[in-house]
*Asks:* 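I'd like to ask you about the structure that follows.
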Amino acid sequence: MYRRQVRRRRAVLTLLIVGSFALLTLTYGQGSNGLQRGVTAVFAPVSSVLDRALKPARDLINWVDETFDARGKNHKLEEELEVARKQAVGGKVALAENEELRQLLKLDKSGAIPSGYEPVTGRVIGLSPTVWFSDVMIDVGSSDGVKLHDPVVNGDGLVGQVTAMTGGVSKVTLISDHSSAVSVKVVPAGIQGIVKPTVGEPDTLVLNFLNSDKNVHKGQSVVTAGWRGEEIESRFPPNIPVGEVTKASLIMQEAQEKVNVRPYADLRNLGTVQVLTGGSRK
Amino acid sequence: MILTPKIVARLIVVGILGVLLQLTFFSQVELFHVSPDVLPALVVCLGLLGGTMTGAVSGFAIGFLLDCLLIQPLGGASLVLIAVGYAAGMFRERFEIHSRLVVPLLCALLTLAAELGFGAIEAMFGIDTDVSILVLRDILIQSAFAFFLGWGIYAGLRRLVRPALVDEATVRRTRRPTVLGA
């Protein structure tokens with residue numbers, strides 16, 4: 001009797017493991033399949049309702065976290081304030097330069113939406129639970145005009161791109177996901193490169209240069225390059241703000257041809273985002 | 001655990017609710033810059049209450065639903081959670097749970113293993129970027145969260161499936177009747 005139980009238990013375990021491997025093999029690299037579309041169609045409205053209902057509780061916990069964080073930063077901020085006071089005069093020049101850059105980039109202050117793209121607003125209804133992926137689920141899908149690889153932005157800058165979708169739900173792979181790579185340029189230097197994330201540090205992106213004849217300086221802005229060839233073009237339109245250079249030592253630039261960039265968008269706390277649909281991508 | 005249709009229905013509701021709460025609540029809150037992952041702890045508790053079969057099957061089902069809702073390759077999360085559920089069930093079948101610390105400790109340890117497992121699955125398909133050492137810190141903090149959450153999840157689940165628990169039934173049968181006025 002006991003042996004039969006053990007045999008049955010092992011058989012079920014083997015079946016489950018083989019089933020998992022089979023599913024993994026069959027579905028790896030696919031955007032979404034019929035089963036996933038069906039399941040998300042059933043659960044998306046429930047997720048949306050739960051998301052709205054739990055928002056006050058989420059905000060409360062996040063407020064506690066931010067309060068702890070703020071207490072820790074207080075002393076550091078006081079020291080920084082002292083330095084900032086001394087730099088106030090220089091700041092005025094920087095402000096003028098900033099305004100000039102905004103004119104140069106022709107950015108829409110509210111959302112940085114390039115012309116030819118139709119923004120579709122979506123709300124984040126789910127996040128990946130592990131530290132290894134940086135995906136969010138939003139409540140707009142193909143029925144709202146969203147297509148695969150559409151860029152996603154928020155009021156601060158580039159967030160990511162749509163990598164899978166169903167009728168009413170899309171998966172947005174954030175620029176902090178290990179599979180992400182965005183072609184960018186540093187303004188005003190014009191240096192081009194590719195921004196990639198570091199797994200485990202969503203607030204730090206690494207900009208690897210493609211051409212390094214000029215130096216990058218801390219505080220410079222990084223925007224999407226939006227290159228265009230005869231047959232293909234970048235998935236991201238040009239001049240969407242990506243982030244700011246935070247660490248740009250000469251050693252890093254000359255020896256490793258890279259600098260650190262902090263994304264403008266707060267990728268840990270995304271609420272509402274805009275999918276840029278349409279455009280002229282080939 | 002004696003699996004009657006009523007108990008199975010309760011377990012299905014718990015699994016679905018667990019996944020939905022993870023995606024809509026726990027993944028979107030942060031303490032010390034880390035979001036708690038309750039699903040490994042939930043599977044551990046199910047394994048501890050129901051044994052290897054319940055643990056493995058619930059791990060598969062919860063992982064499958066998670067992969068479906070996150071529109072990611074099916075089977076990855078299932079594979080990791082099957083191992084977690086089976087390990088917890090095996091512990092229950094081999095050892096007696098004497099201390100109250102056993103359940104939260106197991107939740108923390110197996111959450112740690114699950115997060116490393118998710119990383120291993122990702123590495124199997126290729127990680128093209130640098131991996132920061134901070135990822136280990138995040139995993140350890142998630143394990144600490146699982147320690148505290150595991151306590152509550154186990155207590156709640158135990159209450160929910162109490163009629164089906166063999167140990168509880170034995171205790172009820174062997175308890176001496178109270179004689180009023182004695």
Side-chain angles (χ1 to χ4, degrees), chain A residues 9 12-13 16-17 19-33 35-36 39-40 43 46-47 50-51 54 57-58 61-62 64-65 68-69 124-133 135 137 163-166 169 171 178-181 196-201 204 206 268-269, chain B residues 16 19-39 51-53 56-57 59-60 63-79 82-83 86 114-115 118-119 121-122 125 127-139 142:
Chain A
R9 190 188 301 164
V12 172
L13 182 68
L16 290 175
I17 291 173
S20 299
F21 272 114
L23 283 170
L24 209 49
T25 312
L26 290 171
T27 58
Y28 185 73
Q30 285 183 358
S32 64
N33 53 50
L35 188 68
Q36 284 174 319
V39 172
T40 48
F43 286 103
V46 186
S47 293
L50 263 180
D51 185 72
L54 295 170
R58 277 203 314 264
I61 294 174
N62 285 332
V64 171
D65 183 49
F68 270 110
D69 211 28
V124 173
I125 56 167
L127 261 85
S128 163
T130 80
V131 295
W132 300 96
F133 317 111
D135 300 325
M137 309 304 293
T163 50
M165 79 230 156
T166 64
V169 175
K171 179 170 91 168
H178 69 80
S179 63
S180 164
K196 286 181 138 194
T198 307
V199 176
E201 289 184 57
T204 306
V206 178
R268 291 175 185 268
N269 291 306
Chain B
I16 291 172
V19 174
L20 288 176
L21 278 177
Q22 177 63 52
L23 296 181
T24 57
F25 181 72
F26 290 108
S27 291
Q28 296 188 50
V29 297
E30 281 194 343
L31 278 173
F32 311 111
H33 297 302
V34 179
S35 302
D37 188 357
V38 295
L39 295 180
T52 47
M53 291 301 294
V57 172
F60 177 83
F64 185 80
L65 183 61
L66 183 70
D67 283 339
C68 272
L69 291 179
L70 285 174
I71 320 178
Q72 57 192 23
L74 297 173
S78 295
L79 207 54
I82 286 171
Y86 193 81
E115 294 303 325
F118 286 128
I121 296 261
E122 273 306 291
F125 292 119
I127 295 177
D128 299 331
T129 55
D130 300 338
V131 178
S132 166
I133 195 77
L134 290 178
V135 84
L136 283 178
R137 180 204 65 180
D138 291 358
I139 290 174
Q142 277 191 331

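By convention in this document, chain letters (A, B, ...) are assigned in the order of the sequence lines, proteins followed by strands, and residues within each chain are numbered from 1.
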*Asks:* Would you please test Leu69(B) and Thr40(A) for side-chain contact (heavy atoms from CB on, under 4.5 Å) and show each step?
*Replies:* CA-CA 6 Å; Leu69(B) 291 179; Thr40(A) 48; 4.2 Å; yes
*Asks:* Contact part of Ala57(A) toward chain B, heavy-atom cut-off under 4.5 Å: side chain, backbone, both or neither?
*Replies:* both
*Asks:* Find the one option among Val19(B), Val135(B), Leu66(B), Val57(B) whose heavy-atom pairs under 4.5 Å with chain A are most numerous.
*Replies:* Val135(B)
*Asks:* Among Met53(B), Gln142(B), Gln22(B), which residue has the highest count of heavy-atom pairs closer than 4.5 Å to chain A?
*Replies:* Met53(B)
*Asks:* Does Glu115(B) use its side chain to pair, donor to acceptor, with the backbone of Thr130(A) at less than 3.5 Å?
*Replies:* no
*Asks:* Are any of the side-chain heavy atoms of Leu65(B) and Phe43(A) separated by less than 4.5 Å?
*Replies:* yes
*Asks:* Is chain A contacted by the side chain of Ser78(B), its backbone, both, or neither, given a heavy-atom distance below 4.5 Å?
*Replies:* both
*Asks:* For Ile16(B), which atoms come within 4.5 Å of any heavy atom of chain A: side chain, backbone, both, or neither?
*Replies:*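 Contact with chain A: side chain only.
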*Asks:* Should Ile71(B) and Met137(A) be marked as a side-chain contact (heavy atoms from CB on, under 4.5 Å) after you check the CA-CA gap, both sets of side-chain angles, and the distance that decides it?
*Replies:* CA-CA 9 Å; Ile71(B) 320 178; Met137(A) 309 304 293; 3.5 Å; yes
*Asks:* Does Ser47(A) form a side-chain contact (heavy atoms from CB on, under 4.5 Å) with Leu20(B)? I'd like the steps, not just the answer.
*Replies:* CA-CA 6 Å; Ser47(A) 293; Leu20(B) 288 176; 3.4 Å; yes
*Asks:* Quick check on the interface: out of Gly76(B), Ser27(B), Ala114(B), Pro36(B), who has the most heavy-atom pairs with chain A under 4.5 Å?
*Replies:* Ser27(B)
*Asks:* Calculate, to the nearest 0.5 Å, the distance between atoms CZ and CG belonging to Phe64(B) and Leu16(A) respectively.
*Replies:* 12.0 Å
*Asks:* Please state whether the side chain, the backbone, both or neither of Ile133(B) comes within less than 4.5 Å of a heavy atom of chain A.
*Replies:* neither
*Asks:* Any side-chain heavy-atom pair from Thr204(A) and Ser132(B) closer than 4.5 angstrom?
*Replies:* no
*Asks:* When only pairs under 4.5 Å are counted, which of Ser179(A), Ser180(A), Ser128(A) shares the most heavy-atom pairs with chain B?
*Replies:*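 Most pairs with chain B among the choices: Ser128(A).
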*Asks:* Mind checking what makes salt bridge (charged side-chain N to carboxylate O under 4.0 Å, His left out) contact with Glu201(A), not counting sequence neighbours?
*Replies:*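 With neighbours one apart ignored, the set is empty.
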*Asks:* Not counting sequence neighbours, which residues clear salt bridge (charged side-chain N to carboxylate O under 4.0 Å, His left out) with Arg58(A)? List them please.
*Replies:*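 Scan of Arg58(A) (salt bridge (charged side-chain N to carboxylate O under 4.0 Å, His left out), adjacent residues dropped) gives Asp51(A).
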*Asks:* Can you say whether Val38(B) sits under 4.5 Å from chain A via the side chain, the backbone, both, or neither, judging by heavy atoms?
*Replies:*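 Interface part for Val38(B): neither.
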*Asks:* Would Leu35(A) and Leu74(B) count as a side-chain contact (heavy atoms from CB on, under 4.5 Å) if you check the C-alpha gap in whole Å, the side-chain angles of each, and the deciding distance to 0.1 Å?
*Replies:* CA-CA 10 Å; Leu35(A) 188 68; Leu74(B) 297 173; 4.2 Å; yes
*Asks:* Quick one: closest heavy-atom pair of Leu70(B) and Pro129(A), and the distance?
*Replies:*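 Leu70(B) and Pro129(A) have their closest heavy atoms at CD1-CD, 3.8 Å.
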*Asks:* Do you know which of Asp135(A), Leu50(A), Leu26(A) has the most heavy-atom pairs with chain B at a distance under 4.5 angstrom?
*Replies:* Leu50(A)
*Asks:* Can you say whether Ile125(A) sits under 4.5 Å from chain B via the side chain, the backbone, both, or neither, judging by heavy atoms?
*Replies:* backbone
*Asks:* Of all of Thr25(A), Leu54(A), Val124(A), which one pairs up most often with chain B through heavy atoms under 4.5 Å apart?
*Replies:* Leu54(A)
*Asks:* Pick whichever of Asp138(B), Ile121(B), Thr52(B) has the most heavy-atom pairs under 4.5 Å with chain A.
*Replies:* Thr52(B)
*Asks:* Relative to chain B, which of Val46(A), Val39(A), Asn269(A) shows the most heavy atom pairs under 4.5 Å?
*Replies:*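 Looking at each of Val46(A), Val39(A), Asn269(A) in turn, Val39(A) comes out on top.
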*Asks:* Between Thr24(B), Ile82(B), Ile139(B), which shows the greatest number of heavy-atom pairs under 4.5 Å with chain A?
*Replies:* Thr24(B)
*Asks:* Report which part of Tyr86(B) has an atom under 4.5 Å of a heavy atom belonging to chain A: side chain, backbone, both, or neither.
*Replies:*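 Only the side chain of Tyr86(B) comes within 4.5 Å of chain A.
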*Asks:* On a heavy-atom basis, which atom in Leu13(A) and which in Ala56(B) lie closest, and how many Å separate them?
*Replies:* CD1-CB, 4.2 Å
*Asks:* Among Gly59(B), Gly75(B), Ser35(B), who wins on heavy-atom pairs under 4.5 Å with chain A?
*Replies:* Gly75(B)
*Asks:* For Leu79(B), is it the side chain, the backbone, both, or neither that has a heavy atom closer than 4.5 Å to a heavy atom of chain A?
*Replies:* both
*Asks:* Which bit of Glu122(B) comes within less than 4.5 Å of chain A, counting heavy atoms only: side chain, backbone, both or neither?
*Replies:* side chain
*Asks:* Any heavy-atom pair between the side chains of Phe60(B) and Val12(A) that's under 4.5 Å?
*Replies:*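 Counting from C-beta outward, Val12(A) and Phe60(B) never come under 4.5 Å.
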*Asks:* Considering non-hydrogen atoms only, spot the tightest contact between His33(B) and Arg268(A) and give its length.
*Replies:*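 That closest heavy-atom pairing would be O-NH1, 2.8 Å.
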